[in-house]
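Here the structure is laid out as structure tokens; the discussion comes afterwards.
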Amino acid sequence: MGGFMPGQLTELKEGQVFVRGDERFFVVAINRALNQVQLQNAHSEQREFVDLPQLYTAVAEGRLTYLQSNTGQSADAPIVALSDASLSELSKAEFTFRLRAVKEIERLLEQGHSACQVYEMCSQLVPEPSSGPVRCVSARTVRRWYAVYRRRGQQALLPGHSRKGRTKSVLTLTQEELIRKVVYDNSEKPYLSIKDLCIKTNQRLSVQEAVDCPAKPISYARVRDVVVRLPWTVRHAHKFNPKLRRAITSFGVESYKVQWPFERVEMDYCKLPIVALFGQGGKPVEVWAAVAIDVATGHLLAAEVFMRPPNGTDALQTFQRACCGLDETEFERLGIKNRLQVTGAISEVVVDNGSEFRNSAFTQLTNLGTKVTFAPAYSPYRKPFVERAIGALKSFVSSLPGSTVNLADRSAADLEEGARQACITVDTLRDYINGFIFDDYALRTIGRHALTTCLLGETTGFTPTARMTATLASFTPAPPPSNEAFRLARMVRHERTLQKSGIEYETLPYSSPELHALYNEIGISTRSRLVPDKLEIFVDPLDVRTIHVVHPVSKQRLQAHLKYNLPYAMTLEHFKDARDFARTKFKSETSEAITQAFRIRVMGAAEELERTVKVSRADKKARRSQATFLGTAQSALEQPALRQHRFESTASQEVLPQPPEMALELADITPVSRHRRPGK
């Protein structure tokens, strides 16, 4: 540790160290204008200003010794800890690993990496095989090692209780499981310290162990070590409200730590707080929505809008939209800027016990390779992602015209006020919701204490779009099932009798050459012992144009087609509505009439047509009544009795006043000339 020449003090930097006996002084700041240096005592942490000439003199006289390394150790200083015979082998291995981590930090900092990245990278260092049971640590612990190394040198890296004769206690697996169980059992409390956990753990330990052989109490440090190694969400569960704590602890954190998109999807439906219009200027209707969200990224995959509570077919339709997403044409029509197009096959879907999910239509998803998980009843915290998405969707919809939010009583919806202000159609509301999903919800930054971030173990906020884009860069999901596969999955089984003309389902006739051949083959079903009275048929609730008939012997599916040639896929309710409309308005039941009626009734033009008809009818009726009234008035003026009565009235007689409208109309139609009184 040689002397230091005064001319070299111009190269002083912050963090350099001077030594005086057992004391160390760090250069905190250098003020060139005042020619001063601020030094801090590493032990007492007191700071004082020293003039540069005084520092020159102290170094020249040997009262201060400058260390060439800013870590407090000379470059050629031997490692004293490894040569100490009183240290155990475990302590030496731990010291070597810490020193290696500190040297790696210095190397990475010199390369220009940020401190946060360096600490995270060094926390992932793998101990050497010769180190024994040395384990990896967190980035926070690595930062603490480097801080004490900068202040006190290598001696500060020695682990506590490192001397021989003071061995470190080791927990058994039974004791560690006991500590974990105590933590989970008490995680719902608003605050729980390590001391309380230690007391509760020792109480349970004393109860479990035998009285004649009492176990040694578990120390505070051992309990703290187990708690630190627990997942981040469990250690910070007391920061959340009771519902979110139950979502973290009860359902199991590991099940939510999915890595890739479409690996786990949550679905639910809700009633939107808005009244919309069915058609432009149509009747006000209430609106429901079925929502599907991806757990790994927090991205809303689909939000379908319905004018009734969703059933199993609607839930399956929402699931299909979540798999297929929106195409470029729909993005262009909706005017969405954040065009995040993702498609994939969903591995698992989590739903509740609602009737729209507990039915044969939705549970057919198992045929597509999707696992359906039913959460317990009255447990919304088992589906926290979709519940938060529904809350955000309701907040957005409640800001639109026609909102039913009652400011006086939040529990009761104000339907009358919503119906008065309703001006958005159902189709327009569906477009607004899709725009909200991609341009608003997908770009929201999720904070540190948001539920989705906590369950994923993240420490900084990310948007669903950023998560989805980052994961899709290194992962390609499986392609979604085909439309035909979804159609086969949502088909519902029924039983109908085979007739000579075919099969009739809900007053709809179906026939095909295969059915005709089947009828000729089996004859009348009641006379055959091998063929049942009724055959199995499968009907698609969203498309009634074709049904499948199961052959009673070979069990093959035969297609039967509706006798109407329809260009659109229709549900049974829509077809019946269109057929009744065609019968009433067009006096016809042809395919063209039903197609036109479907386009009018279902595709948005029904209200406009009916309003136009009503207006035209009202105009015709008004013109007809006006013409009848005017004709009656004209004929009345030609009657002799009325003319004589008017002409022979004297001035002394009181004339009854006529209504102004009638007088005006009569004057316009028949201008009456003024007659003079006959002479005497």
Side-chain angles (χ1 to χ4, degrees), residues 1-84 87 94-123 137-160 162:
M1 298 193 184
F4 185 81
M5 299 301 295
Q8 297 179 355
L9 285 179
T10 57
E11 302 297 330
L12 277 179
K13 297 181 181 179
E14 296 180 1
Q16 294 180 347
V17 184
F18 291 91
V19 179
R20 183 177 62 188
D22 296 336
E23 295 180 333
R24 279 184 172 84
F25 299 93
F26 290 85
V27 178
V28 179
I30 303 175
N31 192 337
R32 301 291 181 181
L34 298 178
N35 205 18
Q36 288 182 347
V37 177
Q38 186 180 14
L39 300 180
Q40 177 179 347
N41 193 320
H43 179 68
S44 61
E45 297 185 357
Q46 294 182 357
R47 297 186 180 185
E48 58 180 353
F49 289 93
V50 179
D51 296 335
L52 281 179
Q54 297 180 3
L55 189 62
Y56 298 159
T57 306
V59 172
E61 295 178 353
R63 288 179 292 161
L64 284 178
T65 304
Y66 171 67
L67 299 182
Q68 297 180 4
S69 174
N70 60 351
T71 61
Q73 293 287 343
S74 179
D76 54 350
I79 301 178
V80 182
L82 297 180
S83 60
D84 193 348
L87 293 179
E94 180 71 23
F95 172 78
T96 305
F97 177 70
R98 295 182 180 183
L99 186 62
R100 176 188 166 200
V102 169
K103 296 297 182 182
E104 185 67 16
I105 291 175
E106 291 183 344
R107 186 184 69 82
L108 294 175
L109 289 176
E110 291 177 357
Q111 293 180 358
H113 295 279
S114 63
C116 296
Q117 295 178 353
V118 169
Y119 297 145
E120 187 66 29
M121 293 166 62
C122 292
S123 65
V137 293
S138 62
R140 181 179 178 182
T141 303
V142 174
R143 182 180 62 183
R144 179 174 55 83
W145 289 351
Y146 186 64
V148 297
Y149 175 73
R150 289 286 302 269
R151 291 198 304 267
R152 296 185 297 170
Q154 296 179 0
Q155 197 68 21
L157 298 179
L158 286 175
S162 58

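The residues of the chain are indexed from 1 along the displayed sequence. The figures that follow rest on heavy atoms only: side chains count, while hydrogens, waters and symmetry mates do not.
Between Leu108 and Cys122, the closest side-chain pair of non-hydrogen atoms falls below 4.5 Å. Side-chain atoms of Tyr149 and Leu99, non-hydrogen and from C-beta on, do get closer than 4.5 Å to each other.
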Exercise. Show your working on salt bridge (charged side-chain N to carboxylate O under 4.0 Å, His left out) between Arg107 and Glu110 and close with a plain yes or no.
Key: CA-CA 5 Å; Arg107 186 184 69 82; Glu110 291 177 357; over 6 Å; no
Apply side chain to side chain contact (heavy atoms under 4.5 Å, CB included) to the pair Leu109 and Tyr146, showing each step before the final yes or no.
CA-CA 12 Å; Leu109 289 176; Tyr146 186 64; 3.9 Å; yes
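Note that the CD atom of Glu48 and the CZ atom of Phe25 stand 6.5 Å from one another [nearest 0.5 Å]. A distance of 11.5 Å separates CD of Glu23 from CG of Leu39, quoted to the nearest 0.5 Å.
Applying the side chain to side chain donor-acceptor pair (under 3.5 Å) criterion to Gln117, with sequence neighbours excluded, gives no partner residue. Partners of Gln36 according to the side chain to side chain contact (heavy atoms under 4.5 Å, CB included) rule, which considers only residues two or more places apart in sequence or in another chain, are Leu34, Phe49, Asp51. With sequence neighbours excluded, the residues satisfying side chain to side chain donor-acceptor pair (under 3.5 Å) with Glu61 are Arg63. Evaluation of the side chain to side chain donor-acceptor pair (under 3.5 Å) rule for Arg100 yields no partner, not counting sequence neighbours. Evaluation of the side chain to side chain contact (heavy atoms under 4.5 Å, CB included) rule for Ala156 yields Val148, Arg152 as partners, not counting sequence neighbours.
Sequence neighbours left out, not one pair with a member in residues 111-122 passes salt bridge (Lys or Arg N to Asp or Glu O under 4.0 Å).
Nearest heavy-atom pair across Arg20 and Leu64 is CB-CD2, 3.8 Å. Considering all non-hydrogen atoms of both residues, Ser138 and Ser123 come closest at C-CB, 3.6 Å. Across all non-hydrogen atoms, the minimal contact from Trp145 to Leu157 is O-CD2, 3.7 Å.
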